[in-house]
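Worksheet for the structure shown next.
Each chain gets a letter, A, B and so on, in the order the sequences are listed, and its residues count up from 1.
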Amino acid sequence: MLQVPFIKENKETVIKQLAVRNIDATKMIEDVISLDEDRRQTQTLLDNGLAEANTLSKEIGDLYKSGKAAEANALKEKTTELKETTKNLTERLNDIVEALNNLLYKIPNVPHASVPKGSTEEDNEEIFREGDIPVLHSEALPHWELAKKYDIIDFELGNKITGAGFPVYKGKGARLQRALIAYFLDKNTEAGYTEYQLPLLVNEASGFGTGQLPDKEGQMYHVTEDNLYLIPTAEVPGTNIFRDVILNESELPIGITGYTPCFRREAGSYGAHVRGLNRLHQFDKVEILRVEHPSRSYQALDEMVAHVKTLLIDLKLPYRILRLCGADIGFTSALTYDFEVFSTAQDRWLEISSVSNFETFQANRLKLRFKNAEGKNELAHTLNGSSLALPRVLAGILENYQTKDGIVIPDVLVPYTGFKIID
RNA sequence: GGAGAAAUGGCAGAGCGGUCGAAUGCGGCAGUCUUGAAAACUGUUGAGGGUCACACCUCCGGGGGUUCGAAUCCCUCUUUCUCCGCCA
C-alpha cells in the first residue's frame with residue numbers, strides 16, 4: 001500500500017500516474033489526505049486525555065502513600081469523566097484508522113513513468129524479441145496432443161483424481177518437469193540467489209503482506225478449517241520471510257530462489273484458450289525474489305530480466321519481452337515485464353514469466369525496512385519474477401522441439417533428464 | 001489429540017499493581033588509550049504516532065477485562081518447550 005506522507009507530497013503525480021491504470025483516483029486521494037488529517041487531530045486529542053489521566057493516576061498514588069485517602073478518592077471522581085472521553089476518542093480513532101486503511105488497500109501501486117497507458121493487454125509494449133521460430137513439419141501437433149501421443153501428461157487422469165486443471169505427469173514427462181526445476185534452480189543459484197524451500201500454505205497475515213488479501217482471496221484456495229491459504233506463487237511465502245524485519249543496509253541486496261507448486265482457483269476461466277497446460281489450477285514454478293535498496297531497485301529489475309533471458313536463450317526458445325501497460329499491470333506492481341514464449345503449434349505467445357518491481361508497496365504492508373546511512377529506518381524495495389513457470393515452458397519445448405521422430409530434449413537439459421528424446 | 005510449563009528490547013535474562021520503555025550481562029555503535037589491533041575504560045544503543053523541534057502518547061506474544069493506575073491480577077486466542085499418544 002502507498003505511504004500517506006508520499007501521497008501528500010506527491011498528490012498530483014500520484015493522481016496523474018494512477019490515470020495510467022485508467023483510474024481516476026482524485027476522490028480517493030483527497031479522502032486519504034483528509035482522513036489522515038482527521039486521524040492526527042483525533043490522536044492528539046486522545047493523547048492529551050491520556051496524558052491527563054496519567055498525571056492524575058500519579059497524584060492519586062502519591063496521595064495514598066502520604067495517607068491522604070480522602071483527597072485521593074476525590075480525585076478518582078475526576079477520572080471517571082476522563083475515562084469516558086478517552087474511550088470515545090479511542091473508538092473514533094479506530095474508526096478513522098480503519099476507514100483510512102480500507103481506502104489505502106484499494107489504491108494500487110503508482111505505475112513507473114515508463115509504463116504505457118492502455119486499455120487492454122493489446123496495449124502492452126513489446127520491447128525485445130529474440131530466437132528463431134522453428135519451421136515445423138506438416139503434422140505438427142499442439143502440446144496436449146503430443147502429451148497424449150507420447151503418454152507423458154495425462155489430463156484425464158487428473159480429472160479423475162482431482163478435477164480439471166490438475167494434470168498428471170508421467171514417465172519422461174515427469175522427468176522432464178523435474179529436470180526443468182533442477183535446471184532453473186541451479187542457474188538461479190549460480191546467479192547469486194540463495195535456494196529456499198518454502199511452505200505451501202500461508203496464514204492470513206502473509207496473504208495480506210504481499211497483497212493477495214484482503215481483496216483477491218478468490219484467487220487462492222482457502223483451507224477454512226485452519227484458516228490457511230494454498231500459495232498462488234512462491235512470492236507469498238518468500239516475501240513474507242521479511243515481514244516485520246529491519247535489515248542492516250549492509251545486508252542488501254538479498255536474492256532468493258525457490259521452487260514451489262502454485263495453486264490458483266482461476267474461477268471462471270474455461271474454453272479453448274485454457275487447453276492443455278495453458279492454464280492450470282496447480283502448476284510448478286521457480287521464483288526469484290529480491291530485497292533491494294531503493295536507489296538500485298530498477299537496476300536490479302534489469303538484472304533479473306537479463307537473467308531470465310539467459311534461461312530462454314539456453315533453452316533456445318523464441319521469446320519476447322513486454323512492458324505491461326497500465327491496464328494489464330498487477331495491483332501491487334510499479335513496473336512489470338512479461339516474458340512470452342512462442343508456441344509454434346498453437347501459433348500464439350504464452351506467458352512464462354512476469355518480473356516486477358513493487359518498490360515500497362509491499363514493504364509498506366510487510367513493514368520491511370532497513371537502517372539507512374543516517375541510522376533511520378527506511379522501507380526497502382521488493383522485486384520478484386518467475387524463473388520460470390514450468391507448464392508453458394514445457395508446452396513451448398514440446399511444441400517447438402517436436403520432430404517426426406519425437407520430441408528432442410534441449411541440450412542444456414539432457415544432463416538433467418538423462419535422455420535426449422521423447423519418442 | 002491429551003497433560004503440564006512458558007512467552008519481556010539484536011540475544012541472554014531480572015522485574016514488588018504506582019517513580020518500568022523496563023535492572024544486569026553479551027552484542028552493536030562512538031570515543032579515550034595504541035604505530036595499528038586486541039584488552040581496558042567512558043558514553044551510546046528498541047519500534048510506532050505526534051511536533052519545525054521539544055513536550056506528549058502507544059507498544060513487555062495477539063485480543064478482551066479488573067483497577068484511579070497493569071509487564072505485573074483475571075479471561076481468551078496463538079506460539080514455544082516438556083511428557084504421553086499417533087506418525088513420514
Practice task
Determine the Euclidean distance between corresponding P atoms of B/A14 and B/C73; express it in Å to zero decimal places.
Solution key: 15 Å

Exercise for the section: Would you mind pulling out the nucleotide paired to B/G46, Watson-Crick or G-U wobble, both distances under 3.5 Å? Expected result: B/C59

Handout entry: Partner nucleotide of B/C20 by Watson-Crick or wobble geometry (both distances under 3.5 Å)
Key = none

Exercise for the section: Tell me whether the OP1 or OP2 atom of B/U58 has a side-chain N or O from A/Asn54 closer than 4.0 Å. Expected result: yes

Problem - Span that lies between the P atom of B/C29 and that of B/G46, in whole angstrom - result: 15 Å

Exercise for the section: Could you tell me the separation between the CD atom of A/Glu249 and the C1' atom of B/C29, rounded to a whole number of Å? Expected result: 15 Å

Handout entry: Ion pair check, A/Lys58 and A/Asp62, cut-off under 4.0 Å
Key = no

Completion exercise
B/C81 -> Watson-Crick or G-U wobble partner, both distances under 3.5 Å, gives B/G4

Exercise for the section: Report which part of the nucleic acid A/Asn48 touches: base, sugar-phosphate, or nothing (heavy-atom distance under 4.0 Å, all strands). Expected result: nothing

Problem - Counter-base of B/C41, judged by Watson-Crick or G-U geometry with both distances under 3.5 Å - result: B/G31

Show the distances under 3.5 angstrom between N or O atoms of the protein and N or O atoms of nucleotides 62-68 of chain B.
residue: B/C68; atom: O2'; partner: A/Ser57; partner atom: OG; Å: 3.2

Exercise for the section: Could you state the atom-to-atom distance from CG of A/Leu50 to P of B/G21 in whole Å? Expected result: 14 Å

Handout entry: B/C33 versus B/A38 - spacing of their C1' atoms, nearest Å
Key = 12 Å

Handout entry: Euclidean distance, atom CZ of residue A/Arg369 to atom C1' of B/G46 [Å, nearest integer]
Key = 11 Å

Problem - Partners meeting salt bridge (charged side-chain N to carboxylate O under 4.0 Å, His left out) with A/Glu37 (sequence neighbours left out) - result: A/Arg40

Practice task
Calculate the interatomic distance between A/Leu45 atom CG and B/U58 atom P; express it in whole Å.
Solution key: 15 Å

Between side-chain atoms of residues 252-262 of chain A and protein atoms elsewhere (two or more places apart, or another chain), which donor-acceptor pairs fall under 3.5 Å?
residue: A/Thr257; atom: OG1; partner: A/Asn188; partner atom: ND2; Å: 3.0
residue: A/Thr257; atom: OG1; partner: A/Glu287; partner atom: O; Å: 2.8
residue: A/Tyr259; atom: OH; partner: A/Asp284; partner atom: OD1; Å: 2.5

What pairs of donor and acceptor atoms, side-chain ones from residues 198-205 of chain A against any protein atom, are under 3.5 angstrom apart with sequence neighbours left out?
residue: A/Asn203; atom: OD1; partner: A/Ala205; partner atom: N; Å: 3.3
residue: A/Asn203; atom: OD1; partner: A/Ser206; partner atom: N; Å: 3.0
residue: A/Asn203; atom: OD1; partner: A/Ser206; partner atom: OG; Å: 3.1
residue: A/Glu204; atom: OE1; partner: A/Asn227; partner atom: ND2; Å: 2.9

Completion exercise
Re B/C86: Watson-Crick or G-U wobble partner, both distances kept under 3.5 Å, found to be none

Handout entry: Listed partners of A/Glu30 passing salt bridge (charged side-chain N to carboxylate O under 4.0 Å, His left out), at least two apart
Key = A/Lys11

Handout entry: B/G21 and B/C59, which share atom name C1', separated by this distance in whole Å
Key = 9 Å

Problem - Whole-Å distance separating the CD atom of A/Glu378 from the P atom of B/A47 - result: 14 Å

Handout entry: First encountered from the 5' end of RNA chain B, between A/Leu46 and A/Ile246
Key = A/Ile246

Problem - N-O pairing of A/Arg296 and A/Glu303 below 4.0 Å - result: yes

Problem - Test: A/Asp36 and A/Arg39 ion pair at under 4.0 Å - result: yes

Practice task
Just call it for A/Lys376: base, sugar-phosphate, or nothing, with non-hydrogen atoms closer than 4.0 Å on any strand.
Solution key: nothing

Handout entry: P-based separation of B/C87 from B/A6 [nearest Å]
Key = 31 Å

Fill in the blank from the handout: By the Watson-Crick or G-U definition, both distances under 3.5 Å, B/C73 is matched with B/G65

Practice task
To the nearest Å, give me how far apart CD (A/Glu251) and P (B/G28) are.
Solution key: 14 Å

Handout entry: Separation between the P atoms of B/C60 and B/U72, rounded to whole Å
Key = 8 Å

Problem - A/Lys148, NZ atom: more than 12 neighbouring heavy atoms under 6.0 Å - result: no

Fill in the blank from the handout: Answer for the Watson-Crick or wobble partner of B/G36, both distances under 3.5 Å, is none

Exercise for the section: For B/A88 versus B/U76, give the span between their P atoms, rounded off to a whole number of Å. Expected result: 35 Å

Exercise for the section: Can you tell me, in whole Å, how much space there is between the P of B/C20 and that of B/U24? Expected result: 12 Å

Practice task
Would you kindly check if the NZ (Lys) or CZ (Arg) of A/Lys172 is within the cone defined by 45 degrees around the ring axis of A/Phe419 and under 6.0 Å from the six-membered ring centre?
Solution key: yes

Handout entry: Nearest-angstrom distance from the residue atom CG of A/Leu368 to P of B/A47
Key = 15 Å

Exercise for the section: Give me the one residue out of A/Thr382, A/Leu383, A/Leu368, A/Val291 that meets side-chain contact (heavy atoms from CB on, under 4.5 Å) with A/Thr239. Expected result: A/Thr382

Handout entry: Base paired to B/C11 (Watson-Crick or G-U; both N/O distances under 3.5 angstrom)
Key = B/G25

Listed pairs, N/O of protein and of nucleotides 49-52 of chain B, under 3.5 Å:
residue: B/G49; atom: O3'; partner: A/Arg39; partner atom: NH2; Å: 2.6
residue: B/G49; atom: N2; partner: A/Asp47; partner atom: OD2; Å: 3.2
residue: B/G50; atom: OP1; partner: A/Arg39; partner atom: NH2; Å: 2.7
residue: B/U51; atom: OP1; partner: A/Arg40; partner atom: NH1; Å: 3.2

Handout entry: Distance flag, aromatic centroids of A/Phe184 and A/Tyr193, threshold under 6.0 Å
Key = no

